[in-house]
2 protein chains.
Amino acid sequence: MTSTRDRILTATAALFQERGYTGTGLKQISAQSQAPFGSLYHHFPAGKVEIAAETLRTAGVGYQLLFEAIADNEPDIVSGIGAFFAGAAQVLEETDYADACPIATVALEVASTNETLRVVTHDVFELWLASLTSRLANAGLDEVRARELAILAVTALEGAFMLSRAAKNTEAMHVTGRFVVAEIERSLRR
Amino acid sequence: MTSTRDRILTATAALFQERGYTGTGLKQISAQSQAPFGSLYHHFPAGKVEIAAETLRTAGVGYQLLFEAIADNEPDIVSGIGAFFAGAAQVLEETDYADACPIATVALEVASTNETLRVVTHDVFELWLASLTSRLANAGLDEVRARELAILAVTALEGAFMLSRAAKNTEAMHVTGRFVVAEIERSLRR
DNA sequence: GTCTATAGAAGGATAGAC
DNA sequence: GTCTATCCTTCTATAGAC
């Protein structure tokens, strides 16, 4: 029982992953979400930018919940992050390298061209960093170190998505994940 | 004495950094390069994809030369990579976070939508990895470890560009750069 | 050969029928 | 209030004037 509005956001998120913001047309969103074209403007009067902003915020929260679900299934934060990188690699393989980060492509596209959306992508990254920082701090790290490691994890993940998708293999995701895990382990042992 | 062809490639690289592939129009390229619209098709008969492919290859080599120039000015590979991250942060600040990686945005946009350009972005990343791997191997690391560290450096750099541009600050670039430098130092000491 | 003018398709947005 | 048909702009690409 998904609402039209939800279908629009889900379809847009998938299109953003694959084609980015400028590469995604409203007519594509209408087709893929099985929503009549007019419904787009009924639910999002401000048009494409409003759809994009809502999609990014929703997908950003969804991605965080996915991480937390995976992390909560693991004994500690280290294996939680390891499992997340491994899961990302597996999803890439299973979807022919289409299902990656719903924010990344759009973040780079809008950083210098659309201030409204740039702020939304920034907010999503900060949401992730805050969540990860607090988990690392709970594991025993001081706040400063926890945030630094969170930043490393997110930047490394995003860069690994980029190289893995370009290469159509998971080498970068696996290698990068191992480094991040090792670095966090080392910090915790200190 | 820059040729029309060179001006087209330079202008396109700048537009790709700021707006990405689908966000860049041929008319913008024509205007920014001060080349008549017809000249685009004179020099690149296959149109936009050919311009993009040439731009990515040229900018990819240029970026590698920039890294090597910086690295050759430093006493060792560790401070070379440190200087590169620091330089990237400085350029971001000086250009209001517009002048970043000429490949990154396009790489994510085309990964699932244009096989020709996907391969070009992959080739550029592999060029960088090969160069960096050989420098790390020359510094004393075995080939496997050298390639792993090269992958970490490139993924971390690309992710740091993404978060720094979204945030309009250099925190991610500085933090990430320090981790990469520390990791390489540790490997070399072993 | 260099460049302008335009074709044909696709983009976002909107008016108004029902 | 849902949806279709259309508007105007912008896109890539090309034809042909000079």
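Throughout, protein chains are lettered first and strands after them, A, B, ... in sequence-line order, and every chain is numbered starting at 1.
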Could you check which residues of residues 31-48 of chain B get a heavy atom under 4.0 Å from DNA chain D? Sort them by number, please. B/Phe37, B/Tyr41, B/Gly47, B/Lys48
Nearest-Å distance, [atom1] ([X]) to [atom2] ([N])?
X	N	atom1	atom2	value
B/Glu50	D/dT12	CD	P	15 Å
A/Leu26	D/dC3	CG	C1'	15 Å
B/Ile51	D/dT12	CD1	C1'	10 Å
B/Ile8	C/dT2	CD1	C1'	12 Å
A/Lys27	D/dC3	NZ	C1'	15 Å
A/Leu117	C/dG12	CG	P	13 Å
A/Gln28	C/dA10	CD	C1'	10 Å

Need one value for B/Thr24: base, sugar-phosphate or nothing, where a base atom within 4.0 Å counts as base even if backbone is also close, heavy atoms only.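 Contact class for B/Thr24: sugar-phosphate only.
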Describe the nucleic acid contact of A/Thr22 in one word from base, sugar-phosphate, nothing, applying a heavy-atom distance below 4.0 Å. nothing
Is a donor on one side and an acceptor on the other found under 3.5 Å between the side chain of A/Lys168 and the backbone of B/His122?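 No; judged by distance alone, with no hydrogens or angles, the pair does not exist.
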Under 3.5 Å, which donor-acceptor pairs link side chains of residues 8-15 of chain B to any protein atom two or more places apart or in another chain?
| from | atom 1 | to | atom 2 | distance (Å) |
| --- | --- | --- | --- | --- |
| B/Thr10 | OG1 | B/Asp6 | O | 2.9 |
| B/Thr12 | OG1 | B/Ile8 | O | 2.7 |

Are the side chains of B/Thr22 and A/Glu109 in contact, using a 4.5 Å heavy-atom criterion? yes
Output field: ring centroids B/Phe85/B/Phe161 closer than 6.0 Å: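 No, the ring of B/Phe85 stays outside the 6.0 Å limit from the ring of B/Phe161, centre to centre.
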NZ/NE/NH1/NH2 to OD/OE distance under 4.0 Å, B/Arg186 and B/Glu183: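 Looking at B/Arg186 and B/Glu183, the cut-off is met.
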B/Val144: hydrophobic cluster co-members (side-chain, 4.5 Å):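 Under the 4.5 Å side-chain rule, B/Val144 groups with nothing.
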